[in-house]
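The block underneath contains the structure these notes are about, expressed in structure tokens.
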Amino acid sequence: MNEQGRFVAAIDQGTTSSRCMIFDRSGRPVADAQQEFGQIFPRPGWVEHDALEIWRSVQAVVARALESGGLERSDLVAVGITNQRETTVLWDAATGEPVANAIVWQDTRTDALCRELGGEAGQDRFRASCGLPLATYFSGPKARWLLDEIPGLRERARAGEVLFGTIDSWLVWNLTGGPDGGVHVTDVTNASRTMLMDVRSLEWDEETLAAMGVPRAMLPRIGSSAEVYGTARGVLEGVPVAAALGDQQAALFGQCCFAVGDAKNTYGTGSFLLLNTGAEPVASEHGLLTTVGYRIGDAPAMYALEGSIAVTGSLVQWLRDNLGLIESAGEVEVLAASVDDNGGCYFVPAFSGLFAPYWRSDARGVIVGLTRYVHRGHLARAVLEATCWQTREIVDAMNADSGVALSELKVDGGMVANELLMQIQADVLGVQVVRPQVAETTALGAAYAAGLAVGYWSGTEDLREHWLEGGRWSPGMDADVREREYAQWRQAVERTFDWVR
Ligand SMILES: Nc1ncnc2c1ncn2[C@@H]1O[C@H](COP(=O)(O)OP(=O)(O)O)[C@@H](O)[C@H]1O
Ligand SMILES: O=P(O)(O)OC[C@H](O)CO
């Protein structure tokens, strides 16, 4: 193949927007298009997406990215997909119509179902097989909920008439022809978020399927993260669909965290810290997730420990949209910088319970330490600190689980434009925080995986050369101050517990 003047495309299908980025051989973006889509909140705690709207938005951004770069689809060697994880779509195999809106990862409707499924064993019932606690976050319970609620659906699923997929599967199936021969596949990273896959064998786990009531016939084949799944039709006609990774795993890959002990934190709607733990899964005893980091072709899967935080950037949005204290997300930095400290105020954004390391669905948000002294500057500061303290709790849990003490943390995502946040993060962790020049590491990771699958890049060493440092923050806080404030934060967290009974 003549690779001169040819490119790799990445489709980044996120929680709030779809994006297509096209990269050259040096990992530089040459074209980019992004589009938001609707968030559906039918009841408190429920979050849905229209899967067809997602598919339309993906086709639109692909077409616009090609156009903005003055490129033809024949200029692309491959396309890779990265996606919001856990979000669950069930669709009719014959028509391509979803049977219901997709249930989004943030949706908490399966809370009672999860408690029922856990029984005496509780949250840890399936942990030995899938590496995850039983929580509303994951896909298995979401699929079970739909199968229970929609009359006749389970029978149709057993007959293979209705298919299950996370967003990667939904997109690959549609890209490769939909009802007309679409390929039904998922990758190991996405499958590792369903609770239905055995994290060691990387196969669907029959016992879990039976307990969860999910028919085997509706599930996709589990593939690797970098292999040619099929050839695209339509907007990308003829382009190999050659990679899929959950967005947080794609960011790990795009940050070139290929060595054991490498870690990255992505600060978006929520934050997700992943630590590469190597070719063997590490079980967590401190509330983290055991997950697949990536699998390139037939090479062994590489595993990660993950700390998932549900609310970080969305707290900044809440400050803007629900309280009106700022007009744009960027303004939170100016407001927080107008004060020297948090004025004694802590904000724990347990809006839909707490994810790692607590997994408490009964928790709700609190602001504590309020006095007449506190004003909006202190609140803004407490909002930024909330992201940093939650990250500190994850780093401590990782250290306890893996024995790895971080030497530095690579960061990416929409919030890392905030320099004050980066400084506070270095202060509360006591380690250096490093931001790469190309901040779109999620899309880059999917492009890297697709490029590897078709031989556009030769291997991970080839990719490592493209990683360039863009910014670095060093800790500047006294250790005793840091630990005193951390103790206060943990006290604030305790105030959120046992609220929803
Ligand atoms: N300068 C900023 N300071 C703090 N938060 C920010 C800033 N800019 C954007 N954000 C937050 O970052 C999030 C968007 O990041 P992004 O990586 O695009 O998220 P996602 O991929 O989850 O949709 C939003 O929640 C927004 O509030
Ligand atoms: O779409 P994002 O960037 O908010 O990421 C969502 C995560 O994949 C949820 O697990």
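Indexing begins at 1, ligand by ligand and atom by atom, following the structure's order. Nothing here was measured: the structure is a model prediction, and the numbers come from that model.
- Residue Asn418 places at least one N or O, backbone or side chain, under 3.5 Å from an N or O of ligand 1.
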For this session: For side-chain hydrogen bond (donor to acceptor under 3.5 Å, both in side chains), just list the numbers for Thr266 and Asp412, CA-CA rounded to whole Å, side-chain angles, deciding distance to a tenth of an Å, and then say yes or no.
Result: CA-CA 5 Å; Thr266 301; Asp412 53 67; 2.6 Å; yes
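- In this structure, Arg482 places its CZ atom where more than 12 heavy-atom neighbours from other residues, nucleotides or ligands lie under 6.0 Å away.
- Protein heavy atom at the shortest distance from atom 26 (C) of ligand 1 is Gly313 O, 3.9 Å.
- Nearest protein neighbour of atom 24 (C) of ligand 1, counting heavy atoms only, is Gln317 NE2, 3.5 Å.
- Where the criterion is an N or O separation shorter than 3.5 Å, residue side chain and backbone included, Gly414 meets it with respect to ligand 1.
- Between Val332 and ligand 1 there is a heavy-atom distance shorter than 4.0 Å.
- Close to ligand 1: Gly330, with a non-hydrogen atom less than 4.0 angstrom away.
- Scored by the salt bridge (charged side-chain N to carboxylate O under 4.0 Å, His left out) test, Glu203 finds no partners at all (sequence neighbours excluded).
- A tilted orientation is assigned to the rings of Trp318 and Phe351, their planes being inclined by 30° to 60°.
- Contact between Glu333 and ligand 1 is absent, with no heavy atom of the residue lying under 4.0 Å from the ligand.
- With ligand atoms numbered from 1 in the order given, ligand 1 contributes 23 (O) to contacts under 4.0 Å with heavy atoms of Thr16.
- The distance criterion of under 3.5 Å between nitrogen or oxygen atoms is met by Asp247 with respect to ligand 2.
- Residue Thr269 approaches ligand 2 through these ligand atoms, each under 4.0 Å from one of its heavy atoms: 4 (O).
- Less than 4.0 angstrom separates atom 15 (O) of ligand 1 from at least one non-hydrogen atom of the protein.
- Rounding to the nearest 0.5 Å gives a distance of 6.0 Å between CG of Leu384 and CE of Met415.
- Near Gly14, meaning under 4.0 Å from one of its heavy atoms, ligand 2 places the atoms 1 (O).
- Counting heavy-atom neighbours within 6.0 Å of Asp340 CG, excluding the residue itself, gives a total of 12 or less.
- The single protein non-hydrogen atom nearest to atom 2 (C) of ligand 1 is Ala329 O, 3.8 Å, given as residue, atom name and distance.
- Residue-to-ligand polar distances place Thr15 within reach of ligand 2: an N/O pair is separated by less than 3.5 Å.
- With a 4.0 Å cut-off on non-hydrogen atoms, Ser314 touches ligand 1 through its backbone and not its side chain.
- Taking any N or O of Glu86, backbone or side chain, at least one lies under 3.5 Å from an N or O belonging to ligand 2.
- Residues Arg19 and Gln35 have side chains that never bring a donor and an acceptor to within less than 3.5 angstrom of each other.
- A perpendicular orientation is assigned to the rings of Trp145 and Trp46, their planes being inclined by more than 60° (bins at 30° and 60°).
- Ion pair Glu469/Arg435 not flagged as a salt bridge, since none of the NZ, NE, NH1 or NH2 atoms sits closer than 4.0 Å to an Asp/Glu carboxylate oxygen.
- Lys410 forms a cation-pi arrangement with Trp467, by the criterion of a distance under 6.0 Å to the ring centre and an angle within 45° of the ring axis.
- Of the N and O atoms on the side chains of Asp12 and Thr82, not one donor lies less than 3.5 Å from an acceptor on the other residue.
- Within the 4.0 Å heavy-atom criterion, the part of Gln248 lying near ligand 2 is the side chain and not the backbone.
- The main-chain N or O of Ile309 is never found under 3.5 Å from a side-chain atom of Gln390 such that the two would form a donor-acceptor pair.
- Every N/O-N/O distance between Gln84 and ligand 2 stays at or above 3.5 Å.
- At the top of the distance list for atom 12 (O) of ligand 1, counting protein heavy atoms only, stands Met415 CG, 3.5 Å.
- Taking every heavy atom of Tyr137 and a limit of under 4.0 angstrom, the matching atoms of ligand 2 come to 9 (C), 10 (O).
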